[in-house]
Amino acid sequence: MIHINSLHVDERLLPLSFTCQPGEVVHIVGPNGSGKSTLLSALSGIIDSKGDVLCDDIDLTHCALKELALRRAYLSQNEKPAFNLDVFQYLALSVPECTSLYDPEVAKVVKLLTGLLKVSDKLHRSIHQLSGGEWQRVRLAGSCLQIWPTLNPYAKLLILDEPGAALDIAQEGLLYQLIDNVADMGLTVIMANHDLNRSLRHADKVLLLEQGIVQCFGTPESVLSEENLRKVFDTSVKSVLVEGKPYLIFD
C-alpha cells in the first residue's frame, strides 16, 4: 500500500495526502502548470520535498537511489541520453540489481515486454535512430523491466509522467494494455495523463490538481464531473453517454 502524507514542494505543490491500494491505477490530471510533474517527481524521490511517501512503511523520500530503484520505477517526460546505446544495451541497464543479467527470466521478460510494445525488432538499433513513439515504447519497456515482479520482488510502484504523449492511437492502446498487466500483478501505477476520456475508462482513482492544490480525489466519474472540469480548466465541457459509458466533449 502507498500512503502519501502531507507531501509538498515549496510553492509549487501544497500539502496533499492520499492512499493507493496494490493493483490500483491512479491518474493525476489538471491544466498545464498545475503541478502534475512536480508531484510525480516528489513521489519518485528525485526532488527535495517535505512530507512522507510510505511504500509498505518505507519512506521513499529518505531512500538512497539504490533503494529507490528497487522499490519503484519512474518514467519522466521524454528525454534521450546524450550518449549512444543500442536498445538492448539500454534495456540491460534497467534490469534490477537484485537479478542477474544472465538469469533466463530476464530474457523471458524482455521478450514479453518488447513483443507487447512492438519493439522487438529494434533491439539492435541505436536509440538515436528511433522515432519518438519507438523511443517512448522502449522507455516503457525499460521502466517495467525494472519493477517486473518475477525479477524484482521488492518493487511496489510504477510512476509515469504523460506516458502516452508521444504515442499514436494504436500505440496508446498498447500502453494501457501494459498498465493493466502491471496492475494485475499487484503493483500500484500512478501516472499523469492529459486524455481525460482515457482516465474515465482506465483509472481506478483520479486526483485533480490546480495550481499545486488538490481539488478532489476519488473515482473517475466523481472527479471528472462537468462542474469540476469547468472550474479547473476554465472551459466548456459536456458529459454524454456513449454505449452506456460517460464521454467528455470539450468546446
Side-chain angles (χ1 to χ4, degrees), residues 2 4 7 13 16 18 20-30 32 34-47 49 53 55 60 68-80 90-91 93-94 96 109 112-114 116-119 132-149 151-152 155-209 217 220 223:
I2 313 296
I4 294 91
L7 185 68
L13 186 71
L16 55 83
F18 61 99
C20 307
Q21 303 294 330
E24 198 166 52
V25 179
V26 178
H27 284 205
I28 312 298
V29 304
N32 291 339
S34 60
K36 299 187 296 296
S37 293
T38 299
L39 171 56
L40 296 185
S41 296
L43 289 175
S44 69
I46 64 168
I47 64 170
S49 63
V53 180
C55 181
L60 299 186
L68 279 174
L70 285 176
R71 301 290 173 179
R72 61 88 184 113
Y74 169 56
L75 185 77
S76 62
Q77 292 193 20
N78 195 12
E79 289 183 1
K80 284 187 181 178
Y90 175 84
L91 292 177
L93 295 175
S94 299
V109 175
L112 186 155
L113 289 171
T114 56
L116 175 62
L117 292 167
K118 297 186 178 180
V119 290
E134 290 168 344
W135 171 233
Q136 185 71 342
R137 283 177 282 147
V138 167
R139 295 175 72 230
L140 284 163
S143 294
C144 291
L145 188 62
Q146 181 184 335
I147 48 86
W148 204 257
L151 303 179
N152 181 358
K156 302 294 181 183
L157 176 62
L158 176 61
I159 303 169
L160 306 171
D161 194 351
E162 300 280 7
L167 304 180
D168 63 28
I169 295 173
Q171 293 164 0
E172 271 198 82
L174 301 177
L175 164 66
Y176 284 98
Q177 182 182 344
L178 177 60
I179 290 172
D180 286 344
N181 290 348
V182 170
D184 286 344
M185 292 187 292
L187 279 77
T188 302
V189 181
I190 303 178
M191 59 180 281
N193 187 43
H194 67 281
D195 186 337
L196 301 184
N197 281 305
R198 286 281 190 183
S199 294
L200 274 173
R201 294 194 294 276
H202 296 284
D204 296 306
K205 297 285 178 59
V206 175
L207 186 147
L208 179 59
L209 275 177
F217 175 70
V223 172

For [Y], is there any backbone N or O sitting under 3.5 Å from a side-chain donor or acceptor partner on [X]?
{"X": "Gln146", "Y": "Ala69", "answer": "yes"}
{"X": "Asp204", "Y": "Val26", "answer": "no"}
{"X": "Lys205", "Y": "Glu24", "answer": "no"}
{"X": "Arg72", "Y": "Leu157", "answer": "no"}
{"X": "Asn152", "Y": "Leu70", "answer": "yes"}

Practice task
Would you please test Cys144 and Leu158 for side-chain contact (heavy atoms from CB on, under 4.5 Å) and show each step?
Solution key: CA-CA 8 Å; Cys144 291; Leu158 176 61; 4.2 Å; yes

Where is the tightest heavy-atom contact between [X] and [Y], given as atom of each residue plus distance?
{"X": "His194", "Y": "Ala165", "answer": "CE1-CA, 4.3 Å"}
{"X": "Cys20", "Y": "Thr188", "answer": "CB-CG2, 3.6 Å"}
{"X": "Ala166", "Y": "Gln136", "answer": "CB-CB, 4.2 Å"}
{"X": "Glu172", "Y": "Asp195", "answer": "OE1-OD2, 4.4 Å"}
{"X": "Arg198", "Y": "His27", "answer": "O-CE1, 4.2 Å"}
{"X": "Ser41", "Y": "Tyr74", "answer": "OG-OH, 3.2 Å"}

[X] [atom1] to [Y] [atom2] distance, which is reported to the nearest 0.5 Å:
{"X": "Leu13", "Y": "Leu209", "atom1": "CG", "atom2": "CG", "result": "6.5 Å"}
{"X": "Asn32", "Y": "Ser34", "atom1": "CG", "atom2": "OG", "result": "7.5 Å"}
{"X": "Ile28", "Y": "Leu160", "atom1": "CD1", "atom2": "CG", "result": "11.0 Å"}
{"X": "Ile159", "Y": "Met191", "atom1": "CD1", "atom2": "CE", "result": "12.5 Å"}
{"X": "Glu134", "Y": "Leu167", "atom1": "CD", "atom2": "CG", "result": "11.0 Å"}
{"X": "Leu60", "Y": "Cys55", "atom1": "CG", "atom2": "SG", "result": "5.0 Å"}

Side-chain touch [X]/[Y], heavy atoms, less than 4.5 angstrom:
{"X": "Leu16", "Y": "Phe217", "result": "no"}
{"X": "Gln171", "Y": "Lys118", "result": "no"}
{"X": "Pro220", "Y": "His202", "result": "no"}
{"X": "Leu7", "Y": "Leu39", "result": "yes"}
{"X": "Leu75", "Y": "Leu140", "result": "yes"}

Practice task
With sequence neighbours left out, write down each residue that passes ring pair (Phe, Tyr, Trp, His ring centres under 6.0 Å) with Tyr90, or none if nothing qualifies.
Solution key: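 Checked Tyr90 against ring pair (Phe, Tyr, Trp, His ring centres under 6.0 Å); matches are Trp135.
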
Handout entry: Test log, rule side-chain contact (heavy atoms from CB on, under 4.5 Å), inputs Leu40 and Ile190
Key = CA-CA 8 Å; Leu40 296 185; Ile190 303 178; 3.9 Å; yes

Could you list the donor-acceptor pairs under 3.5 angstrom formed by side chains in residues 176-184, with sequence neighbours left out?
| unit_1 | atom_1 | unit_2 | atom_2 | d |
| --- | --- | --- | --- | --- |
| Tyr176 | OH | Asn193 | OD1 | 3.3 |

Exercise for the section: Report the residue from Val138, Val119, Val109 that forms a side-chain contact (heavy atoms from CB on, under 4.5 Å) with Thr114. Expected result: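 That would be Val119; it is the only one of Val138, Val119, Val109 passing the side-chain contact (heavy atoms from CB on, under 4.5 Å) with Thr114.
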
